[in-house]
Amino acid sequence: MNTLRQRCPAKNQTFKISFNKLNIYCACVLFLLPCCRSFAIPQMKITNSLHSTDLVVLDISSPEFMPEVQKLLNPEAVNKASPFLSQSIVIINNTPQFVWGFTVVYRYPDWISPAGTPWKHRISPSGGGPADRSRMLAPGARFLITPVSDFIASSDEKGNPALQPYLDEGMGRMIGQFKIQHPSPNERVEIIVDSVIFEDGSMIGDDSERIMQKVNERIRAESDLATSLAPLQGENFRAKLLFHAHRGHENEYLGRVSSVAQSLLAVMDQNGESAAQQIVQQMRTRKWFVDSDNVRKK
């Protein structure tokens, strides 16, 4: 299963896109669709490395896009998303499997970073840890991805809202910053669906962002931390946690060790050592994926 499908607005047909060829509050919801038709459409290219999958991607050019957005967002949120909705996509999981996580990359060819390369940013929604279907994208579920990283939304397989953006002052500042950085409604933008990880740990996609390596490093970090803490109790247990908590974030492995150690110290301070020890014991035995210890290519 390896194609990303998209609806052709002209004939309402399904076609495949190959990565190898290239990486709110309105007065009435009925007014939203005509309003969005007036958006200036950016020079947008959607690509993927999922050669033949039942994941469907919809963008602003699809007649199905706005109806899906209106199911995912309330009118106030749709209104606030208007500056970047034309650069957003809805991903529909039509596979028979739960999706643990996926990675979408935005690239702006006309916006050059200090390093001299086109600016990009990565959005990687995931369960973030051991397999938990309540935090995954179920078969039939939808997920809205926008170029404003925290402005995301999802629904379950029955269409019930699962994840909503926080429409607070912080989000307002992020939207304002996006408008400053992207003043042209006709800018070129590439949206790359780079990889997908299923609940069994299998991955499809080119994975140019090396997500498989990063997730596996996090798994190894937790396992190593739990092993180092196994024989310790009392002050020795706390001292080892303090040591790991200050190891820095130079790479994915050390960053995970440090953040988990800090979390365990917080649990220990609030609920006692036994609570922290119980979590460590779970870390020794739990699997992040169904019947698998790590992520691997399908």
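One is the number of the first residue; the rest follow in order along the sequence. The figures here come from the full heavy-atom set of this structure, side chains too, leaving out hydrogens, waters and symmetry mates.
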(request) Would you sort out whether T117 and I112 count as a side-chain contact (heavy atoms from CB on, under 4.5 Å), showing the intermediate values? (result) CA-CA 5 Å; T117 57; I112 305 302; over 6 Å; no
(message) Show, in sequence, the C-alpha distance, side-chain angles and deciding distance for E187 and Q87, and conclude whether the side chain to side chain donor-acceptor pair (under 3.5 Å) test is met.
(response) CA-CA 10 Å; E187 71 177 331; Q87 295 186 16; 2.9 Å; yes
(message) Quick one, S208 with D206, criterion side chain to side chain donor-acceptor pair (under 3.5 Å). Give me CA distance, side-chain angles, the key distance, then yes/no.
(response) CA-CA 6 Å; S208 64; D206 282 353; over 6 Å; no
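Contact of the V69 side chain with the S88 side chain is not registered, since no non-hydrogen atoms from C-beta on lie closer than 4.5 Å. Side chains of V90 and L72 form a contact here, defined as non-hydrogen atoms less than 4.5 Å apart. Contact annotation: the side chain of E68 approaches that of R142 to within less than 4.5 Å [non-hydrogen atoms, C-beta and beyond]. In this structure the side chain of E209 never reaches within 4.5 angstrom of the side chain of S195, judged on heavy atoms. Side-chain contact between K80 and L167 is present, with heavy atoms from C-beta onward closer than 4.5 Å.
Aromatic pair F289/W100: ring centres closer than 6.0 Å. Checked against a 6.0 Å centroid threshold, the rings of F143 and F102 count as neighbours. Checked against the 6.0 Å centroid threshold, H182 and F84 do not count as a close aromatic pair.
The aromatic rings of Y108 and Y106 lie parallel to each other, with less than 30° between the two planes, well short of the 60° mark.
Under the 4.0 Å criterion applied to side-chain N and carboxylate O atoms, E252 and K214 are not assigned as salt-bridge partners. Between R284 and E222 there is no salt bridge, since none of the side-chain N atoms of the basic residue sits less than 4.0 Å from a carboxylate O of the acidic one. Note on D269 versus R238: salt bridge recorded, some NZ/NE/NH1/NH2 to OD/OE distance being below 4.0 Å. Under 4.0 Å is where a charged nitrogen must lie from a carboxylate oxygen, and between R220 and D224 at least one such pair does. At a threshold of 4.0 Å, the pair E217-R256 does not count as salt-bridged, since none of the basic side-chain nitrogens sits closer than that to a carboxylate oxygen.
Between the CE atom of M136 and the OG atom of S154 there is a distance of 13.5 Å, given to the nearest 0.5 Å. With rounding to the nearest 0.5 angstrom, the CG atom of L265 is 10.5 Å from the NE2 atom of H244. Between the CG atom of L144 and the CD1 atom of I89 there is a distance of 8.5 Å, given to the nearest 0.5 Å. If you take NZ on K298 and CG on D200, they are separated by 6.5 Å, rounding to the nearest 0.5 Å. Separating the CZ atom in F151 from the CD1 atom in I145 is a distance of 12.0 Å, to the nearest 0.5 Å. Here N294 contributes atom CG and N216 contributes atom CG; the two are 4.5 Å apart, rounded to the nearest 0.5 Å.
Within a 6.0 Å sphere centred on CZ of R210, other residues, nucleotides and ligands contribute 12 heavy atoms or fewer. Dense packing is recorded around CD of Q282, with more than 12 heavy atoms of other residues, nucleotides or ligands lying under 6.0 Å away. At most 12 heavy atoms of other shown residues, nucleotides or ligands fall within 6.0 angstrom of atom NZ in K158. Crowding of N160 atom CG: a count of heavy atoms from other residues, nucleotides or ligands under 6.0 Å exceeding 12.
A donor-acceptor pair under 3.5 Å links the side-chain atoms of S228 to the main chain of L225, judged by distance alone. Using a distance-only test at 3.5 Å, with no hydrogens or angles considered, no donor-acceptor pair links the side chain of N271 to the main chain of A275. With S263 contributing its side chain and S259 its backbone, the two residues share a donor-acceptor pair below 3.5 Å. Checked by atom type and distance alone, the side chain of R107 never pairs as donor or acceptor with a backbone atom of V105 at under 3.5 Å. Between the S202 side chain and the F198 main chain, no donor and acceptor come within less than 3.5 Å of each other. A donor-acceptor pair is defined here as one N or O able to donate and one able to accept, closer than 3.5 Å; no such pair exists between the side chain of E157 and the backbone of A138. Within the 3.5 Å criterion, the main-chain N or O of H249 finds no donor-acceptor partner in the side chain of S258. The closest donor-acceptor contact from the side chain of Q164 to the backbone of I152 lies at 3.5 Å or more, if one exists at all.
Nearest heavy-atom pair across H121 and S149 is CD2-OG, 3.8 Å. Contact between N236 and L232 at its shortest, heavy atoms only, is O-CD1, 3.8 Å. Listed here is the closest heavy atom pair of G234 and M268: O-CE, 4.3 Å.
Tracing side-chain contacts under 4.5 Å through hydrophobic residues (I, L, V, M, F, W, Y), one reaches V148 starting from V189; they form part of the same cluster. Under the 4.5 Å side-chain heavy-atom criterion for ILVMFWY residues, a single connected hydrophobic cluster contains both W111 and I123. Residues I197 and L163 do not share a hydrophobic cluster, defined by chaining ILVMFWY side chains whose heavy atoms lie under 4.5 Å apart. No path of Ile, Leu, Val, Met, Phe, Trp and Tyr side chains, each step under 4.5 Å between heavy atoms, connects M212 with V290, placing them in separate hydrophobic clusters. In the hydrophobic clustering of ILVMFWY residues, with side-chain heavy atoms under 4.5 Å counting as a link, W288 and V196 come out apart.
For the residue pair N93 / T95, a side-chain donor-acceptor distance below 3.5 Å is found, with atom types taken as modelled. For the 3.5 Å distance criterion, the side chains of Q281 and T285 fail to qualify, holding no donor opposite an acceptor. Between T103 and D194, the side chains place no donor N or O within less than 3.5 Å of an acceptor N or O (distance only, hydrogens not considered).
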